[in-house]
Amino acid sequence: MPAGRIKLSEYLSQQLAEHPSLHRDLGKLVLDLAKAVQEIALLISQGALAGVLGSLESQNVQGETQKKLDVLSDEILIQTLRSGSLVAGIASEENDEPITNPKGGSFLCLFDPLDGSSNIDVNVSVGTIFAIYEANQQRSPELPDYLQTGRKQIAAGYAIYGPATMLVFSLGNGTTGFTFEAASGEFILTHPKIQIPADTSEFAINTSNERFWEEPVSRYINECKKGKTDVRGRDFNMRWIASMVADVHRILMRGGIFMYPKDNKDPSKPGRLRLMYEANPMSFVVEQAGGLGSTGRQRILDIKPESIHQRIPVILGSKNEVERVEQYHREHDRA
Ligand code: AFP
């Protein structure tokens, strides 16, 4: 390997050597996930030629129509993890109940196998999001074992299937990015120690929901839109890819704030995004890169989960902007 080019397996060995507190098998699990990501990336890259675009008749536990690739990605990840004896239990957006691995293992893995899948048929970047926790070694995993706070994640990250396929994750000692090199079949270290700028002039939100937002969110977004004519004193830009992995990846690369706030469009839903396999893992990598993840009223990683598919409001990215939105929520709630 030419000098300066570090493969994923070499990086993981270095991390385990430098951090004796890391579980000895964590590197192997990340390599298994990387293998599954490679398989999913190959399917996605073939687009319509692979005959895997479009939707199925089925719906997932969220009541959402499943895309063929949602189910295929889910199957690839489950098959990969159950072929080994590292993961005792799996929870996925596409499965109502967690899946126990009869071979047992030291970890629990929760994932959204294909986030942003409504973008698949229009060839826009999508991703896989994963969270890894320690399993209870005394017995087979039961539902409460999965409902650990985000702070208990021992690793988390995502794959983004974009112009390049990348793997971005944290083992708790910073957030690092790898780019897949088709020629060698290796993930190569390209983004060591990612740092999110504390300030930003770019926000990401689906403004078609504006009439459903709470006051502090409307206040924050209106100030951004008024730009230098108002209190912010500078103009802002907006992006919304409607693929959380792509929007959050942009924020990790150049800063920004991502918002899918609580809205009263469907009062029964406290937000659209899922805590266990979207908000928690993304907050983990963002906070490990110097950003923040919040509901507006509470840090996401501190939330005590109530159910596997629980939804919550998500505001994450550049530290100073997230803190400003939290401040607006405090002022609103006090008033
Ligand atoms: P899909 O997986 O159904 O495409 O949803 C993607 C997502 O969960 C998240 O990745 C996006 O940020 C968000 O939904 C987009 O939601 P809107 O379509 O309401 O903008």
Side-chain angles (χ1 to χ4, degrees), residues 40 43-44 52-74 77 91-95 110-131 156-162 166 168 202-214 217 221 238-252 256-283 285-286 291 293-296 300 308-317 322:
I40 296 169
L43 264 183
I44 290 173
V52 294
L53 297 186
S55 301
L56 298 166
E57 299 306 309
S58 56
Q59 288 196 334
N60 64 16
V61 65
Q62 329 286 342
E64 293 159 346
T65 304
Q66 289 182 302
K67 299 284 187 187
K68 288 177 190 167
L69 270 172
D70 277 324
V71 174
L72 283 170
S73 305
D74 190 50
L77 281 158
S92 157
E93 178 186 11
E94 301 304 329
N95 299 273
L110 295 83
F111 52 74
D112 178 355
L114 203 62
D115 172 69
S117 52
S118 57
N119 285 313
I120 275 282
D121 297 349
V122 295
N123 201 23
V124 167
S125 300
V126 293
T128 297
I129 310 173
F130 61 90
Y158 62 86
I160 178 167
Y161 310 108
M166 285 188 67
V168 178
E202 195 160 68
F203 65 91
I205 195 167
N206 181 341
T207 49
S208 70
N209 297 323
E210 185 157 11
R211 66 184 187 280
F212 302 114
W213 295 339
E214 289 189 274
V217 173
I221 296 297
M238 194 200 99
R239 286 283 183 278
W240 188 250
I241 305 173
S243 183
M244 184 188 199
V245 170
D247 280 312
V248 174
H249 184 70
R250 183 191 58 252
I251 288 166
L252 278 157
I257 183 168
F258 173 93
M259 302 172 81
Y260 213 111
K262 175 166 169 289
D263 62 41
N264 57 30
K265 186 184 213 177
D266 178 349
S268 68
K269 284 184 185 167
R272 174 184 168 97
L273 301 176
R274 275 66 53 142
L275 171 63
M276 296 311 292
Y277 41 78
E278 289 174 330
N280 264 338
M282 287 312 212
S283 295
V285 292
V286 162
S294 174
T295 63
I300 286 170
I308 293 270
H309 302 294
Q310 162 180 3
R311 296 172 191 265
I312 58 152
V314 176
I315 295 156
L316 59 79
V322 174

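Read the numbers this way: they start at 1 and go in the same order the structure lists the ligands and their atoms.
In this structure a side-chain-to-backbone donor-acceptor pair under 3.5 Å is missing from N206 to A242. Distance alone, capped at 3.5 Å, is enough to place a donor-acceptor pair between the S243 side chain and the S125 backbone.
Note: W240 and F258 have parallel aromatic rings, judged against thresholds of 30 and 60 degrees for the angle between ring planes.
For ligand 1 and N206, the ligand atoms under 4.0 Å from any heavy atom of the residue are 17 (P), 19 (O), 20 (O). Residue S118 approaches ligand 1 through these ligand atoms, each under 4.0 Å from one of its heavy atoms: 1 (P), 4 (O). The S243 neighbourhood of ligand 1 comprises atoms 10 (O), with distances under 4.0 Å to a heavy atom of that residue. Within ligand 1, the atoms closer than 4.0 Å to a non-hydrogen atom of E278 are 8 (O), numbered from 1 in the order shown.
The single protein non-hydrogen atom nearest to atom 8 (O) of ligand 1 is L273 CD2, 3.5 Å, given as residue, atom name and distance. Y260 OH, 2.6 Å is the protein heavy atom nearest to atom 19 (O) of ligand 1. Atom 7 (C) of ligand 1 has as its closest protein heavy atom R272 NE, 3.7 Å.
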*asked:* Checking E278 against V314 for the side-chain contact (heavy atoms from CB on, under 4.5 Å) test, could you report, in this order, the C-alpha distance in whole Å, the side-chain angles of both residues, the deciding distance, and whether it holds?
replied: CA-CA 9 Å; E278 289 174 330; V314 176; over 6 Å; no

*Output, in order, the C-alpha distance, side-chain angles, deciding distance and verdict of side-chain contact (heavy atoms from CB on, under 4.5 Å) for L69 and V126.*
CA-CA 11 Å; L69 270 172; V126 293; over 6 Å; no

*Checking side-chain contact (heavy atoms from CB on, under 4.5 Å) for the pair Y161/T128: CA distance, chi angles, key distance, verdict?*
CA-CA 8 Å; Y161 310 108; T128 297; 2.7 Å; yes

*Please test M259 against I221 for side-chain contact (heavy atoms from CB on, under 4.5 Å), starting from the C-alpha separation and ending with a verdict.*
CA-CA 10 Å; M259 302 172 81; I221 296 297; 3.8 Å; yes

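The N/O atoms of M244, backbone and side chain alike, include one that comes under 3.5 Å of an N/O atom in ligand 1. In terms of polar-atom proximity, defined here as any N/O pair under 3.5 Å, S117 does make such a contact with ligand 1. Polar contact check, G116 against ligand 1: a nitrogen or oxygen pair lies under 3.5 Å apart.
Contacts with ligand 1 closer than 4.0 Å are made by no heavy atom of V245, backbone or side chain.
Under a cut-off of 6.0 angstrom, the local environment of NZ in K68 is crowded, with over 12 non-hydrogen atoms contributed by other residues, nucleotides or ligands.
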